[in-house]
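Only one structure is covered here, and it is reproduced in the block below.
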Amino acid sequence: MARRAALTQKQLALHADELGFEPRRAVRWLSPSQLINSGVQVAIAQQFADFADRRDVQAAYPQGVIAIDGSESDDELWFDFVADLGDGFDATYTIAHLLAEPQLTVREAADEDGERMLPRGSLLVMGGDEVYPTASDRAYADRTLGPYRAASADLPRRSGTLLALPGNHDWYDGLAAFLRLFARGLDFGAWRTVQRRSYFAVKLRPKWWLVAVDAQLGTTLDAPQLDYFRSTLWPELAEGDAIILCTASPYWETTPYDADAFDTTGWFEKNILRNRLSDPGDPNSPLVPTGAKVRLWLSGDHHHYSRYEQTDASTGDAAAPDPRRTQLITNGLGGAYTMGIDRLAPSLQLPDPQSRPAPEPDEVVDFQAGRVRFPGPKLARRMNGLLASPLTRYWLPRRNPLFATSMGIGMLLLVGVLWLGDLAVRAFHVHWADSTRAAWGDALIAIAVVFVVLPLAAVLASGYTSWRRGRARRRRGARVQREQGFGVLSFVVAYLSALVIVGGLFLLSAVDLWDLWGVAWIAIIAVVGGLLGSQAFALVVLFSPPSAIGDFKATGLAYEDGKGFLRVHLDPASDSLTVYPIVIDRTVHSWSLDPLPGSAASPVPASGEWPVPRLIEDPIMVAREGFGGSALA
């Protein structure tokens, strides 16, 4: 197909009237204004969520077990799981188009020449963080609803069902915009919304359930939500039922660093799904089994693909595929920046033996990491290197221009401080007779500042590390705390060293600030200092351990390629479901407009070809019946 006139996302935004929404660029997380805004939003959400918990208000909205088409039949079901969408237009719209395709041709994981056809899911589950950076009606309209509506414009109205679970970014406005969009029965492009609350229980097929729990920024579960699940699930769950449990964050991935991270989710699985009160009217009555088991755990929030599978209960072997194993799958590739996998542990124990209260030994289940993750080590190394590569569009100053600007301003401020110090010294008649001695004297002043400032920075970094350790006593391992201190300290040292170098050059030049050359020199300091400071930060981030400052690798890069979702096939006839982890290695970045009836238009690739998705790994089969036993798997 012939290539059309190419439009970037920025140029496409000029056609907002035709599109019905404004395509937005990916969030620049290292922009100073964005950093400040995000910090304020997080602080407000964490401090005041308990005082304005909209989950309590949702109790007024009636909602029972959600039944979808065919829930009482033995017909097969295809559904999709996508999470962490609603960021940049290019990635979000590319994934939305793939989800809307009636038939999707997917390359096999091991054989690039092999292909398989996967039909479109009749149910779409959004697993959290449906918009970035913070929720609002306008943000949802431009970053989420608009792209999905345009991608499904050719589909019949209400040809699919949509269910959405809120993530932390959906919670930053107290969940107000989320509920207006997803819990009022409105159409979402070609999908219909059916939920009335931010959590739900869905009967997919006989003996198969989908449960989504809203833990509100990782806090405790509210009483109305627990009452909902008790009243809807306890009368329905029966021996041999299989549950797919969706959580807004993969708390299992965090347990190697925080032993208590899985506590709330583990309590819900044990006390609501796997067991029930023998007398629902008596909270002190003993627990009795429901007969149901969580066979598949799904989550987003971490922007990568990873999988942990239960170790064989008898042999401890996780090498051979076995559909009886419980699977823990994280897939947050729906549209936000791609994250690395360097913090993932090779194995897990759930519930964590070191959590509080400590679980009984027979409750602990071993899980082993799957052999394939995304991004893989090779792509992860390439991604990280881009942040400090001046010749790419992902170079930190180019990707985050306001960050470089703030660095330049910081350079000027420090140079000003050094210059004022120099003036103060000269005011006390400490000067040198000739220009050579004066230059050396100015250099010594700059060095003295370095030896004053850097020890002070080290003290502050040590204090920060101690404060962090005191704030997170349950976080495991002094190694993690040392990494946090190393990240902060290395950033301070590299940044201030770069500033002092430029400031020292300024002092040695002995330029008169008030003439034309002085103004030019100040401009040079701002530009060179901004670039130098940004590059120093990029290098520190690149070589920092995978915590604290090291996490800026992903946010600073805002890598928009490598996006995907899960397509799940539930076959009641075989008593199993199959998970197909799908990814596209490169999203569309060059667009053209196709006219639609009326004055509307739909974006299409300028090349005329959509990217061909592939499987990240071979399909994962999960049987309805597991190994049995009283534990969570």
Side-chain angles (χ1 to χ4, degrees), residues 26-30 83-85 87-88 91 95 127-129 132 167-169 249-258 261 299-308 328-348 369-389 392-396 399-400 475 477 479-480 483-484 486-488 490-491 537-566 581-587 614 616-617:
V27 177
R28 297 301 188 257
W29 294 100
L30 292 189
D84 301 282
L85 54 148
D87 193 347
I95 292 300
D129 287 346
Y132 289 88
N168 57 303
H169 290 271
S249 185
Y251 301 108
W252 54 87
E253 289 189 357
T254 317
T255 54
Y257 305 97
D258 183 356
S299 186
D301 193 38
H302 297 177
H303 308 168
H304 54 232
Y305 169 82
S306 72
R307 179 174 60 87
Y308 288 89
L328 315 171
I329 298 180
T330 304
N331 193 305
L333 299 173
Y337 61 87
T338 305
M339 293 172 59
I341 56 171
D342 46 4
R343 296 187 71 174
L344 297 180
S347 61
L348 302 173
R371 291 186 293 273
V372 181
R373 294 168 172 175
F374 186 92
K378 183 177 180 181
L379 176 58
R381 286 193 297 270
R382 176 178 173 271
M383 286 169 51
N384 294 340
L386 292 174
L387 194 65
S389 301
T392 71
R393 63 189 178 93
Y394 287 104
W395 186 38
L396 192 147
R399 196 67 169 166
N400 303 271
R475 293 186 181 276
R479 180 180 64 85
V480 176
E483 289 174 353
Q484 291 173 339
F486 172 81
V488 174
S490 59
F491 163 66
F537 181 82
L539 291 172
V540 169
V541 167
L542 185 60
F543 293 105
S544 290
S547 60
I549 290 294
D551 288 344
F552 280 111
K553 292 185 184 78
T555 52
L557 192 64
Y559 191 76
E560 295 180 83
D561 293 325
K563 296 293 170 280
F565 58 96
L566 303 176
I582 296 171
V583 71
I584 51 170
D585 293 303
R586 184 168 178 80
T587 59
R614 66 176 177 85
I616 298 175
E617 62 175 332

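Note: hydrogens, waters and symmetry copies are ignored here, and every other heavy atom, side chains too, is used. Note that this is a predicted model, so its numbers are computed, not measured. Numbers here are sequence positions counted from 1.
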Member of I341, L344, N331 meeting the side-chain contact (heavy atoms from CB on, under 4.5 Å) criterion with S306: L344
Which atom of A380 lies closest to which atom of P375, heavy atoms considered: N-CB, 4.3 Å
Minimum heavy-atom distance between A83 and G300, given as atom pair plus value: CB-CA, 3.7 Å
Pairwise distance CZ(R343) to NE2(H302) - rounded to 0.5 angstrom: 8.5 Å
E617 side chain near F374 side chain, heavy-atom distance below 4.5 Å: no
Non-hydrogen side-chain atoms of I616 and L333 separated by less than 4.5 Å: yes
Candidates T338, I582, V583 - the one meeting side-chain contact (heavy atoms from CB on, under 4.5 Å) with K563: T338
Plane angle bin for H169 and Y132 - parallel if under 30°, tilted between 30 and 60°, otherwise perpendicular: tilted
Exercise: identify the closest heavy-atom pair between G335 and A91: O-CB, 3.5 Å
Separation of T330 OG1 from W252 CH2 (nearest 0.5 Å): 5.0 Å
Check: D561 and D585 side chains under 4.5 Å, non-hydrogen atoms: no
Residues in ring-ring contact (aromatic ring centres under 6.0 Å, His included) contact with Y394, at least two apart in sequence or another chain: Y559
CD1 on I584 to CZ on F565, rounded to 0.5 Å: 9.0 Å
A336 to D87 - nearest heavy-atom pair and separation: CA-OD2, 3.7 Å
Spacing of CZ belonging to R307 relative to CG belonging to L566, to within rounding of 0.5 Å: 11.5 Å
Reported CG-to-CH2 distance for the pair L387 and W395, which is rounded to 0.5 angstrom: 11.0 Å
Gap between atom OG1 of T555 and atom CG of L30 - 0.5 Å precision: 5.0 Å
Check: R28 main-chain N/O paired with R399 side-chain donor or acceptor under 3.5 Å: no
D301 side-chain N/O to P250 backbone N/O, donor-acceptor pair under 3.5 Å: no
Whether H304 side chain and G340 backbone form a donor-acceptor pair below 3.5 Å: yes
